[in-house]
Amino acid sequence: RVCPFDIPEVSEVAEISSALCQGCGVCAAECPGNAIVMAGYMLDALKNDVDAALAALNGAAKKLVVFVSGHHAPAALWGGSRSDLPPGAREIYLPSLTRLSAHEMIYPFEAGADGVLVLQCERGADRYPGVDARLARRFDLARETLAEIGISPERVQLKYGLAGDAEASAAAVREMMEALLTERKS
């Protein structure tokens, strides 16, 4: 039902033709039972990336995980830590945020992060159709879940149009880090 390309065929079981699949990951992100696994994508891959990013931030006053849609980001930014980010922030680049689930937005908090920033490209500029609406719905679900467990939903932010702009994305990261540092003091 969620495939933007209408690839799955359902009879007694759902079958997805690997020759036709576009690899967007919408089905895997939307599956409530995590029953869909994308070939070549380990289920814990993003979790492992988050754990590694947070380990690199050991000792930081506040820890911010930044998920970045790398589709429009320059290849040089994919390399890892940037010198223009404030201490305590670490970016994780993804080919598309289509695959980013609500649980994956929440997991950094379980692992010790103080905030999560999601940087998406311009609305409608992602290579997969319908990403913006799906991402916004998952983002809202992540915020609702955080509120239910007593974590301020403001600790997860979604910003559009910054994924390919290094200067603007660094400014958004600094702004969120300042908000996290201010929150602790008040």
Side-chain angles (χ1 to χ4, degrees), residues 1-5 7 16 21-54 56-57 63-73 77-78 80 82 85 89-149 151-165 168-169 172-173 176:
R1 293 182 308 246
V2 300
C3 179
F5 303 101
I7 303 300
I16 300 173
C21 179
Q22 301 294 305
C24 68
V26 169
C27 58
E30 294 284 329
C31 181
N34 282 336
I36 300 172
V37 178
M38 296 173 56
Y41 185 89
M42 293 175 39
L43 221 43
D44 289 338
L46 192 54
K47 179 182 174 226
N48 294 339
D49 290 345
V50 168
D51 290 342
L54 290 172
L57 298 175
K63 297 177 183 176
L64 176 64
V65 172
V66 184
F67 293 116
V68 183
S69 172
H71 181 60
H72 294 287
L77 295 180
W78 279 69
R82 292 172 37 193
L85 296 180
R90 192 63 115 197
E91 292 180 319
I92 297 174
Y93 283 81
L94 302 167
S96 169
L97 295 181
T98 305
R99 173 64 183 88
L100 188 63
S101 69
H103 174 73
E104 290 167 329
M105 286 182 229
I106 294 170
Y107 175 74
F109 295 99
E110 295 173 33
D114 298 292
V116 172
L117 178 59
V118 180
L119 299 179
Q120 173 64 318
C121 52
E122 294 288 339
R123 292 180 194 268
D126 195 284
R127 64 184 181 173
Y128 298 114
V131 171
D132 296 329
R134 294 177 194 285
L135 180 61
R137 192 175 74 248
R138 291 184 209 131
F139 170 74
D140 289 342
L141 178 59
R143 290 184 91 170
E144 289 169 19
T145 304
L146 289 174
E148 287 176 11
I149 61 173
I151 297 174
S152 170
E154 295 301 313
R155 286 188 175 197
V156 63
Q157 296 287 321
L158 171 61
K159 306 278 184 178
Y160 288 92
L162 303 179
D165 185 337
S169 65
V173 171
M176 182 150 184

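Summarising the geometry of Met176 relative to Val116, their closest heavy-atom pair is CE-O, 3.4 Å, with the distance given to 0.1 Å. Of all non-hydrogen atoms in Glu122 and Gly161, the two that sit nearest each other are OE2-CA, 3.4 Å. Pairing each heavy atom of Ser69 with each of Leu97, the nearest pair is CB-CG, 3.7 Å. Between Phe109 and Leu146, the shortest heavy-atom distance links the atoms CE1-CD1, 3.7 Å. The shortest non-hydrogen separation linking Ala113 to Val65 is CB-CG2, 4.1 Å.
Under the 4.5 Å side-chain criterion, counting only non-hydrogen atoms from C-beta, Gln120 is in contact with Val131. Using a 4.5 Å cut-off on side-chain heavy atoms (C-beta onward), Leu94 and Arg99 make no contact. Between Val50 and Phe67 there is a side-chain heavy-atom pair separated by less than 4.5 Å. Between Asp51 and Tyr107 there is a side-chain heavy-atom pair separated by less than 4.5 Å. Under the 4.5 Å side-chain criterion, counting only non-hydrogen atoms from C-beta, Tyr160 is in contact with Asp132. Leu117 is listed as a side-chain neighbour of Val173, based on a closest heavy-atom distance under 4.5 Å. In this structure the side chain of Val66 never reaches within 4.5 angstrom of the side chain of Ile92, judged on heavy atoms. Side-chain atoms of Glu91 and Ser169, non-hydrogen and from C-beta on, do get closer than 4.5 Å to each other.
Every residue two or more places apart in sequence or in another chain that forms a salt bridge (charged side-chain N to carboxylate O under 4.0 Å, His left out) with Glu154 is listed here: Arg143. Considering only residues two or more places apart in sequence or on other chains, Arg134 meets the salt bridge (charged side-chain N to carboxylate O under 4.0 Å, His left out) condition with none of them.
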Exercise. Does the pair His103 and Glu110 meet the rule for a side-chain contact (heavy atoms from CB on, under 4.5 Å), with working shown?
Worked result: CA-CA 10 Å; His103 174 73; Glu110 295 173 33; 3.7 Å; yes
For this session: Run the numbers on Leu64 and Asp114 for side-chain contact (heavy atoms from CB on, under 4.5 Å), then give the verdict.
Result: CA-CA 6 Å; Leu64 176 64; Asp114 298 292; over 6 Å; no
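At distances below 3.5 Å, at least one donor-acceptor pair connects side-chain atoms of Arg138 with backbone N or O atoms of Leu100.
With no hydrogens or angles considered, no side-chain donor-acceptor pair links Asp49 and Tyr93 at under 3.5 Å.
Between atom NZ of residue Lys159 and atom CG of residue Leu119 there is a gap of 9.0 Å, rounded to the nearest 0.5 Å. Taken to the nearest 0.5 Å, the CE atom of Met105 stands 10.5 Å off from the CG atom of Leu46.
A 6.0 Å sphere centred on CZ of Arg137 holds more than 12 heavy atoms belonging to other residues, nucleotides or ligands.
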